[in-house]
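Only this structure's heavy atoms are used, side chains among them; waters, hydrogens and symmetry mates stay out. Every chain is numbered from 1, with letters handed out A, B, ... down the list of sequences.
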Amino acid sequence: MEGWRPLLLVPVALVAPQFQHAHATQYLNENEAISVLFPGIPFRPFPVRLSDEQRRAVEKRAGVRVRNPELRAWRAPDGAVVVVDEVLGKHEMITYAVGIRPDGTVRGVEVLEYRESYGYEIRNPEWRNQFAGKSAAAPIALDADIRNISGATLSCKHVVEGVRRILATHDIALR
Amino acid sequence: MTSPCAECVRAQPLLGTLVELGAVGSTTPVVEAAIDRGFVALRAVHARMSFHEAASDLSRIHVEAWRQPVRVHPWTWRVLRVARFLAMATDGAFDPTVGGTLVAAGRLPAPAFVPAPAPEGTWQDVVLLSGSRVWLRRPVLIDLGGIAKGFAVDRAVAAMRLGGVSACRVNAGGDLRVWSPEPQRVSVRHPGRPDWVLPLVDVWNGAVATSAPYRDETGTWSGIVDPAGGPAGGTKRSVTVFASTCLRADALTKVVALAPSACTGLLRQLGAEAVIIETDGSARHLPVDRRGGWRLAPQDSRG
């Protein structure tokens, strides 16, 4: 092809072979997400567990499976709610927060963490357990230099479905 | 309870992907406010140019513009003008009226209240009139998908710069733009090994877009539609373009992917540079004469 010249490129692995971890980006922790979504408003933890009946109602309303009946939620005095959830794609795990106003409308959606993995099964509980209990203050070893990647691999479909599920959950169980 | 930092990065689901906004500034409130403005700009582009939203300019065009001209936001008109220019410059190899093909292939939902697109419809049926109006000679479906994403990235950067930041970057699912006093290293995903990246370019004022048939949720779709003959699922190479704006970079990835031999003049004319990477990691480079806000990364360093 006229004008094109050969180019040598040296690849870099996103996953260091000696670690069982994945390429990840941390944006916000839970408290930061709450203050981004509702600046200056005090929130208190408000954990909720859906009953089987509520779970079925949410699945029917949102058209999405409820994989976990436990909700990580926070509530403000005026009734505003923030829910933190995580969704799994084929190669990625996304933790995000949804801010819901007292009237039930969405104030915003912020991503807390994004993790991708190609060598390991993201749905494997053993793989996921290595992240359990880790706060954003104790980051997993990762290649922090690689932060601008061109080339899309994911759609936000799962997050969008998750938001739909959370809105249905709010309507059915959190008002 | 915000942490004391003058550099922040946030991400939201928008434009069909995850969009990441990063900025550096004198104080945290300045940076956070600028990032908020960036997201507002992204949402505005999405609202106006989304194929799915019934109230978008695009949907209003589909429903009405074949009957009478429809007035749209100047941004929408600009993106359509670029789409038409590209179609003209590539003799239709790039054609934004592939919406009909995508709907037929099940890749896009058929919009409501819209007549079936005329099978012989092309980009030439999209007429741009003065006063920010659009007219369709016959019913066609326009999909601005990728180039609207590139345009959104540009608008977000402009909004953040207005907010007084000293550096910023936007990455919308791989379409990205950087404005920074220090060059930022940008890597491209290896088309054959998704767990590898190829550090490719250092950018301080420019955009990078990559178009590639990465396996998505369904496993097979190539992501590029050849208007001449339906989905182009053959090659799995990745195409990356560097340009001064993300709108340009994104649009040109399609052109290079569809016609790599014929596009060299157009890229030169637009001051854009391109790299094609095969699944085995071998690569080709189309250099540019004009100096842009980027340079290829030296390949002896890592990370």
Side-chain angles (χ1 to χ4, degrees), chain A residues 1-15 22-23 25-29 31-36 39-40 42-43 89-92 94 96 108-114 116-119 136 143-160 162-163, chain B residues 1-3 9-18 20 22 32 39 169 171 173-176 178 184-191 193-200 203 208-210 212 214-217 238 240 260-261 264 268 275-277 281-287 296 299-300 302-303:
Chain A
M1 295 189 312
E2 180 239 319
W4 293 82
R5 302 171 194 174
L7 179 67
L8 180 68
L9 294 174
V10 179
V12 172
L14 282 175
V15 181
H23 174 65
T25 307
Q26 290 159 345
Y27 297 102
L28 301 167
N29 63 30
N31 287 329
E32 287 167 341
I34 291 169
S35 70
V36 162
F43 276 74
K90 198 166 180 192
H91 295 293
E92 62 280 327
I94 300 169
Y96 64 104
V109 179
E110 294 282 340
V111 177
L112 273 58
E113 288 191 57
Y114 167 82
E116 62 182 60
S117 174
Y118 291 91
D143 191 341
D145 287 339
I146 308 234
R147 62 175 192 171
N148 297 306
I149 297 180
S150 186
T153 59
L154 67 92
S155 81
C156 61
K157 185 175 95 120
H158 294 299
V159 175
V160 169
V163 172
Chain B
M1 292 200 65
T2 47
S3 54
V9 189
R10 281 167 45 197
Q12 292 183 10
L14 279 168
L15 301 162
T17 185
L18 281 197
E20 183 184 271
E32 290 283 6
F39 281 123
R169 59 191 172 92
N171 189 335
D175 274 17
L176 63 91
V178 172
Q184 302 293 314
R185 176 65 50 91
V186 175
S187 307
V188 174
R189 285 193 193 272
H190 193 299
R193 289 280 309 251
D195 56 337
W196 284 4
V197 293
L198 298 146
L200 187 61
V203 186
V208 182
T210 299
Y214 302 111
R215 249 177 328 131
D216 66 5
E217 298 292 317
S238 97
T240 300
S261 310
T264 54
R268 218 163 265 142
V275 172
I276 292 178
I277 306 172
S282 64
R284 270 168 295 182
H285 170 228
L286 186 71
L296 285 189
Q299 288 301 314
D300 51 335
R302 289 185 168 259

Participant: Tell me, side chain or backbone of Leu8(A) under 4.5 Å from chain B's heavy atoms, or both, or neither?
Facilitator: backbone
Participant: Show the nearest heavy-atom pair for residues Arg169(B) and Val178(B), with the distance to one decimal.
Facilitator: CB-CG2, 4.2 Å
Participant: With sequence neighbours left out, write down each residue that passes side-chain hydrogen bond (donor to acceptor under 3.5 Å, both in side chains) with Arg268(B), or none if nothing qualifies.
Facilitator: none
Participant: With sequence neighbours excluded, what pairs up with Pro42(A) under the side chain to side chain contact (heavy atoms under 4.5 Å, CB included) test?
Facilitator: Pro77(A)
Participant: Please test Arg147(A) against Glu20(B) for salt bridge (Lys or Arg N to Asp or Glu O under 4.0 Å), starting from the C-alpha separation and ending with a verdict.
Facilitator: CA-CA 10 Å; Arg147(A) 62 175 192 171; Glu20(B) 183 184 271; over 6 Å; no
Participant: Between chain A and each of Ser282(B), Ala209(B), Pro260(B), count heavy-atom pairs under 4.5 Å; write down the option with the most.
Facilitator: Pro260(B)
Participant: Where does Ile34(A) contact chain B at under 4.5 Å (heavy atoms): side chain, backbone, both or neither?
Facilitator: neither
Participant: Which heavy atom of Val111(A) sits nearest to which heavy atom of Tyr27(A), and what is that distance?
Facilitator: O-CB, 3.4 Å
Participant: Report which part of Val109(A) has an atom under 4.5 Å of a heavy atom belonging to chain B: side chain, backbone, both, or neither.
Facilitator: both
Participant: Between chain A and each of Pro13(B), Ala11(B), Pro287(B), count heavy-atom pairs under 4.5 Å; write down the option with the most.
Facilitator: Ala11(B)
Participant: Examine whether an atom of Leu15(B) lies under 4.5 Å from a heavy atom of chain A, and if so say whether it belongs to the side chain, the backbone or both; otherwise answer neither.
Facilitator: neither
Participant: Check each atom of Leu176(B) against the heavy atoms of chain A and say whether the ones under 4.5 Å are side chain, backbone, both or neither.
Facilitator: side chain
Participant: What part of Arg193(B) lies closer than 4.5 angstrom to a heavy atom of chain A: side chain, backbone, both or neither?
Facilitator: neither
Participant: Mind listing the closest non-hydrogen atom pair of Phe39(B) and Gln12(B) along with its distance?
Facilitator: CD1-NE2, 3.5 Å
Participant: Hey, what do you get for CG (Leu200(B)) to OG1 (Thr210(B)), rounding to the nearest 0.5 Å?
Facilitator: 7.5 Å
Participant: Pick one of side chain, backbone, both or neither for Thr264(B), based on which atoms fall under 4.5 Å of a heavy atom in chain A.
Facilitator: side chain
